[in-house]
Chemist: 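Here it is, the structure in full.
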Amino acid sequence: MSEGALAKGYEFAEVESHWYRFWEESGFFHADQTSSKPPYSVVIPPPNVTGQLHIGHALNDTLQDILCRYKRLKGFEVLWVPGTDHAGIATQNVVERQLAADGLTRYDIGREAFLERVWEWRAKYGGIIINQLKRLGASCDWSRERFTMDEGLSQAVRQVFVSLYDSGLIYRGRRMINWCPRCMTALANIEVEGEELGGALYHIRYPLVSGKGALVVATTRPETMLGDTAVAVNPQDNRYKGLAGQMVLLPIVGRHIPVIADTYVEREFGTGALKVTPAHDFNDFDLHTRHDLDVIQVIDERGIMTERAGAYAGMDRFACRKQILKDLEKGGWLVKTEPHTHRVGHCYRCHNIVEPMLSLQWFVSVKPLAEKAIEAVKEGKTRIVPAKWANDYFNWMENLEDWCISRQIWWGHRIPAWYCRQCNEIVVAMQAPDRCPKCSSDSLEQESDVLDTWFSSGLWPFSTLGWPDKTAELEKFYPTSALVTAFDILFFWVARMMMMGLRFMEQVPFHEVYVHALVRDADGHKMSKSKGNVIDPLLMMDKYGTDALRFALTAFAVQGRDIKLSEERIEGYKHFVNKIWNAARLLLMNLEGFEGPAEVPEKPTGLAHRWILSRLQRVAADTADSLDNYYFNQYAQVLYQFLWHEYCDWYLEIVKPDFYGQDAEAGRAARSIAAFVMRSILVLLHPVMPFITEEIWQRMKPFTSGSIMQASFPESRGALIDPEAEEQMETVMAVIVAVRNIRGEMNVAPALKVDVVCLSDRDAHLELLERERRTISDLARVSNLTIARASETPKPGQAAGTVVANMEVFVILKDILDFESESVRLKKELGKLEKEFSMTSRKLSNDDFLQKAPDEVIEKEREKNARLSEKIEKLNRRLEIMKGLQKNKAT
RNA sequence: AGGCACGUAGCUCAGUGGGAGAGCGCUACCUUGACGCGGUAGAGGCCGACGGUUCGAAACCGUCCGUGCCUACCA
C-alpha cells in the first residue's frame, strides 16, 4: 500500500485481505459492554458448521454488515455476534457419509467414537465458513464467536429444558410423528417438506364377509393395506348405507376388518370409501382413537416391512408396493388405477419420503409460549419488516401443534433425562443424578435421544451473551436491535427465538426483524447444486471483488421481492468500483502538494461548489433514511447516482480547469471541496463497500485520519442545502445539454468547437450565464459564447436553436447547417411539446380540477403550461425561419 | 382448495395519487491530460386486460388472465 498516485487498476485481492486483517488487529470489530455509547446489537443467523458460504449467506451477511458498519459510523457501540450451528442431522449425515466411504456405519464404531469423529471433523472443517465470512468483510466480533455445542450454550440448553419440563411444558408421549427412514429419526412437522409427486390412485376391492358384494377403496399407498384395521365411509353416503358395522375381508391378508362410519371421509374423493391404517397415517390414527381400532405396524423405522406384513416381511416399502399391486391384480382385487398427483412429505435434510410413525418422543407444548410471541408482535415490541410477513407469522403461530424435539441421532444436545432401571422413574435434571429419587437405585440410564437443533438455536440471542449468568453483555446488548434473515427460517428459527426469549428473558429477543429476499438464478429458479445454476459467491469475489458482489446484492435487495441474480450483474457493479477508483485517482493526482484543509468554508462560493455540497446534504439524509428503514436498494442507488452522475459527470468535470488553471484561489477551493465531498462519499459508501473505501481513505491522508471505520457518518447539514444553487445549476446544465444535444443531432464532430449564442431577457439568467461562461464553454465545447439580451439581439440565421428555461440557445453552423434536417429536428421537438401542452391545457380548462385540486398543484400546472406555450411559440418562429431559408436556398 | 406476492423499455427491475424512470443491452459519434470497466447524444412504453373510486390512477378497490411462492388431513 504505497503512498502517492493510485495505480491505474484497482487491485482488490490484495487490498481486501490487507484491510480486513488491519481492522481485526485494530480491534474495530470488538464491542465493549462497558461502553457508554448507545448499544446496537445483531446476532448472526448461525450458518451450519458443515456449510460453505452460498449466495444466500452472502446476501444475509452483507446486509447485516451494512447495518453494523452504519451504526458504528453513527456512534453506536455495535456488537455483531458470530457463530455456527452444530446442525444435528446435517452434520451427522456428513460424517456418516465419510464413515460409509470406509464401509462403516455409526453403529459399527459406537456413540462415543462417533462423536469423537464429529468433533474432529468440526475442528478440521468448522472454520471454513467463518473464514468465508471474513472474506466477505463481515465485521463480527470474533472474540465472541459461539458454537451451539459450546459448554456455555449447552448449559443454557439444559437449563431451558429442565425449566420447561418442571413447568409442564415439556412432556414425553407416544404420538404420531413424522419419521425419516434414512436419517432414522423423528422430525418436527416443519421439517417435512411437501412435494407434489405424480403417483396413482389405486382402487381396490374389499369383499364383504357376508358375501353380498364388496367395497372399493381408493389409496395411493397400497402397501399399507397390510396394516388396515377398518374401512371408513361417510355416514351420509347413500351408496354405503347400512354397511357400517359389517365386516369386510382384507385381500391377500384374509383378515376380517370392520366398516366404520365417520364424517371425516370425503364422499367426493376416490370411491368415498377409505382404508384405515392407523399405524401409518395421521388421519387414520385419529380414526383409530375415535373408533377404538387395532394398530398394526407393518413398516419399521428403516422403511422395511415388518413381521406383521407376513409374506412381505423384509421388503423395502416401495418394493413391497410393486409386489402388492401385482398380487392384487392376480387376485382380481385391483379394480382400477388412475393417475394422481399429490403432496408427499420429504425429509428437509435428505429428501427421502418420510413415514408417519407412532412413536415415543419428547414434545414442547407450544401454545402458551406462542401466545406471548403473538402478543409481542401485535403490541409492536418486535416489528417485522416488511410488515406482510407478520401475517404469515401470526398464521403459523396460531396453528401450532406441539413441537417434537427429540431426535434419534447422536450429534446434538443429549436430553437431560435419566430413566431408573428399577422403577422406571424419569429424572430430568441439570446434572446426572447419583441415584433414583424415588427408589434410590443407582441404576440410571440417560436418554439416548438428542434435541432438535432448532431447540438450541432458539436460545441464540441470549445464550450467546452468557445466559443463564447475568452478564454485562446481556445487560448492555439484550434485547438485540435487529435480526436479519430470509423468510425460509422465519418459523424454524425466528418464531422459536421469540418464544424462548420471552419465556426466559421476559423480553423480546430483538426489536426488529428484517426479512429479506431469497436469491434466485437469472430465470427465477431456486439455486441448487443439482440444477447447476448456483452462483458461487467465493468465485464472484475472486473475479469481481468483494465490494462489487456486496454492492450488487445490496442494489437488488428490494423489500418483498426475490432477487434474480446473474453473473453479468455482479460484473456490472465492478465498473462502479472502477469508477470510484478513478475518481479518487483524479483527485489524488491533484491533491499532491496541496496543504488543505479539505473542509467546507464558512460560506462556500462558486456555483458548482455550492451545488455539490447541497446535493451531498440531501444524499446524506437519503442514505441514512434508506438504511434506517431497510431500503437497501435505495441506499445503493442513491449513492451510485450521486457519485457517478453528479460528482463525476458534472462536478469533477467542472472543477478540472481549476485544478489545472493559474488561479491559485480557485485551485485551493476546488481541491478542498472536491476532497471533502469525496471523503463524505467514502463514508456513506463504506457500509456496503468497506474495502475500496478504506483503501482510498488511507491514501487520502492527511485529508483523512485513522481508519474509515473510525469516521463519523456525515450528518445532513441544513445550512449547506442551497436551493438557489441547485436551481441555477440545473439551468446551466440544461444549457449545456441543449448544446450537446444539437451537436449530436446535427452530427457535429465532438472535437469540433462551435460558436453558441444564448439569448434571454432576464437579468438573472444573463448574469448567471456570464458567471458560468467558462463552465458552459468547456463542457459544451464552445469557442465563442455570446450571451446577450434577446430583445436587443438579432437571432442568428445559420444556426440550430432550441429553448431552455425561457432562454434561446443557438449553435452557429455557418455554411454547414442543413435547413431541412434542422426543420425536422424542430418539428420532432415541437411534437413532443405540443402533446404535453395539450395535456396541461386540458387539465387547466377542467373546472373540477381547478376547484378540487390543491392550489400548489394547480400553480405548478399553470407554470408548466406557460413555459410550454412560450417554448412552443419560440420554436415555431424558428421553424418558420428555417422554412424560409430552405426556400431561399431552393430558389 | 385457501392464502400471499408479482405482471412497467429487448432483459433485470425501481416507482410512497399530481412530471413514466434506472442499470444492462441496442444505435451513432469520440484515443478531450481519472476511467473505453470511459464520454456525449439517441432510439425504444396503450405501465397485463376490463371495470370502479377520484378533479386526477402505473400506483387505491373489484373482476379476469398470466407467473411464482407458501400453507392444508381429499386417502
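Just so we're on the same page: letters track the sequence lines, and every chain starts at 1. As the structure is a prediction and not an experimental result, all values here were calculated from the model.
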Chemist: Please check the phosphate of C4(B) (OP1 and OP2 only) for any side-chain N or O of Trp396(A) closer than 4.0 Å.
Modeler: no

Chemist: Looking at the base of A34(B), is there any donor atom on it, or on the side chain of Glu653(A), that sits under 3.5 Å from an acceptor on the other one?
Modeler: yes

Chemist: Choose from C55(B), C37(B), U71(B) the nucleotide whose nearest atom is closest to any side-chain atom of Lys852(A).
Modeler: C55(B)

Chemist: Using a distance-only criterion (donor-acceptor N/O pair, under 3.5 Å, no hydrogens), is the base of C4(B) paired with the side chain of Lys388(A)?
Modeler: no

Chemist: To the nearest angstrom, how far is Ile190(A) atom CD1 from U71(B) atom C1'?
Modeler: 11 Å

Chemist: Is there a Watson-Crick or G-U wobble partner for C47(B) with both distances under 3.5 Å, and which nucleotide is it?
Modeler: none

Chemist: A quick test of your reading: do over 12 heavy atoms of other residues, nucleotides or ligands sit less than 6.0 Å from CG of Asp855(A)?
Modeler: no

Chemist: Provide the Watson-Crick or G-U wobble partner of C29(B), both distances under 3.5 Å; none if there is no partner.
Modeler: G39(B)

Chemist: Would you indicate, yes or no, if A43(B) has its OP1 or OP2 atom less than 4.0 angstrom from a side-chain nitrogen or oxygen of Lys828(A)?
Modeler: yes

Chemist: Taking only the side-chain nitrogens and oxygens of His575(A), find out if one of them lies under 4.0 Å from OP1 or OP2 of G38(B).
Modeler: yes

Chemist: I want to verify a distance call: between A72(B), U16(B), A34(B), whose nearest atom is closest to the Arg343(A) side chain?
Modeler: A72(B)

Chemist: How many whole angstroms separate atom CD of Gln641(A) from atom P of C13(B)?
Modeler: 21 Å

Chemist: Write down the distance separating the P atoms in G52(B) and C13(B), rounded off to the nearest Å.
Modeler: 32 Å

Chemist: Spell out, as yes or no, whether a donor-acceptor pair under 3.5 Å connects the side chain of Thr277(A) to the backbone of Ala279(A).
Modeler: no

Chemist: When you check the side-chain N and O atoms of Tyr544(A) and Glu567(A), is any donor under 3.5 Å from an acceptor?
Modeler: yes

Chemist: Do Asp625(A) and Arg618(A) sit within salt-bridge range, that is, some charged N less than 4.0 Å from a carboxylate O?
Modeler: no

Chemist: What class does the angle between the rings of Phe594(A) and Phe703(A) fall in, given that below 30° is parallel, 30 to 60° is tilted and above 60° is perpendicular?
Modeler: parallel

Chemist: Which nucleotide sits closest to the side chain of Gln634(A): C13(B), C74(B), U16(B)?
Modeler: U16(B)

Chemist: Paired with U71(B): which nucleotide, if any, by Watson-Crick or G-U wobble criteria at under 3.5 Å for both distances?
Modeler: A1(B)

Chemist: Heavy atoms from C-beta onward define the side chain here; which of A75(B), A20(B), A34(B) lies closest to that of His340(A)?
Modeler: A75(B)

Chemist: Ignoring hydrogens and geometry, is there a side-chain-to-backbone donor-acceptor pair from Asp658(A) to Ala670(A) under 3.5 Å?
Modeler: no

Chemist: Please confirm whether any donor atom in the side chain of Arg743(A) sits under 3.5 Å from an acceptor in the base of U40(B), or the reverse.
Modeler: no

Chemist: So which nucleotide from U32(B), A75(B), C24(B) ends up closest to the side chain of Arg781(A)?
Modeler: U32(B)

Chemist: Just compare U12(B), A75(B), U71(B) and give me whichever is closest to any side-chain atom of Thr220(A).
Modeler: A75(B)

Chemist: Counting Watson-Crick and G-U wobble pairs only, both distances under 3.5 Å, name the nucleotide matched with C6(B), or none.
Modeler: G66(B)

Chemist: Tell me whether the side-chain N/O atoms of His280(A) come closer than 4.0 Å to OP1 or OP2 in A75(B).
Modeler: no

Chemist: Can Tyr660(A) be classed as stacking with the base of G33(B), given a centroid separation cut-off of 5.5 Å and a plane angle cut-off of 30°?
Modeler: yes

Chemist: Quick one: sort the Phe576(A) and Phe551(A) rings into parallel, tilted or perpendicular, breaks at 30° and 60°.
Modeler: tilted

Chemist: Looking at the side chain of Arg740(A), which of G42(B), C74(B), U40(B) is the nearest nucleotide?
Modeler: U40(B)

Chemist: Which of the following nucleotides, C37(B), G42(B), A75(B), is nearest to the side chain of Asn741(A)?
Modeler: G42(B)

Chemist: For Asp778(A) and Phe269(A), take the nucleotide of RNA chain B holding the closest heavy atom to each; which residue's nucleotide lies nearer the 5' end?
Modeler: Asp778(A)

Chemist: Specify the residue among Tyr631(A) and Glu268(A) whose closest nucleotide of RNA chain B lies further upstream toward the 5′ end.
Modeler: Tyr631(A)

Chemist: Of the candidate nucleotides A43(B), A75(B), C35(B), which contains the atom at the shortest distance from the side chain of Thr219(A)?
Modeler: A75(B)

Chemist: Sort out the partner of C11(B) for me: Watson-Crick or G-U wobble, both distances under 3.5 Å, none otherwise.
Modeler: G23(B)

Chemist: Side chain of Arg585(A) only, heavy atoms from C-beta on: which candidate in C30(B), A34(B), C55(B) is closest?
Modeler: A34(B)

Chemist: Can you tell me if the side-chain N/O atoms of Lys564(A) get under 4.0 Å from OP1 or OP2 in C13(B)?
Modeler: yes

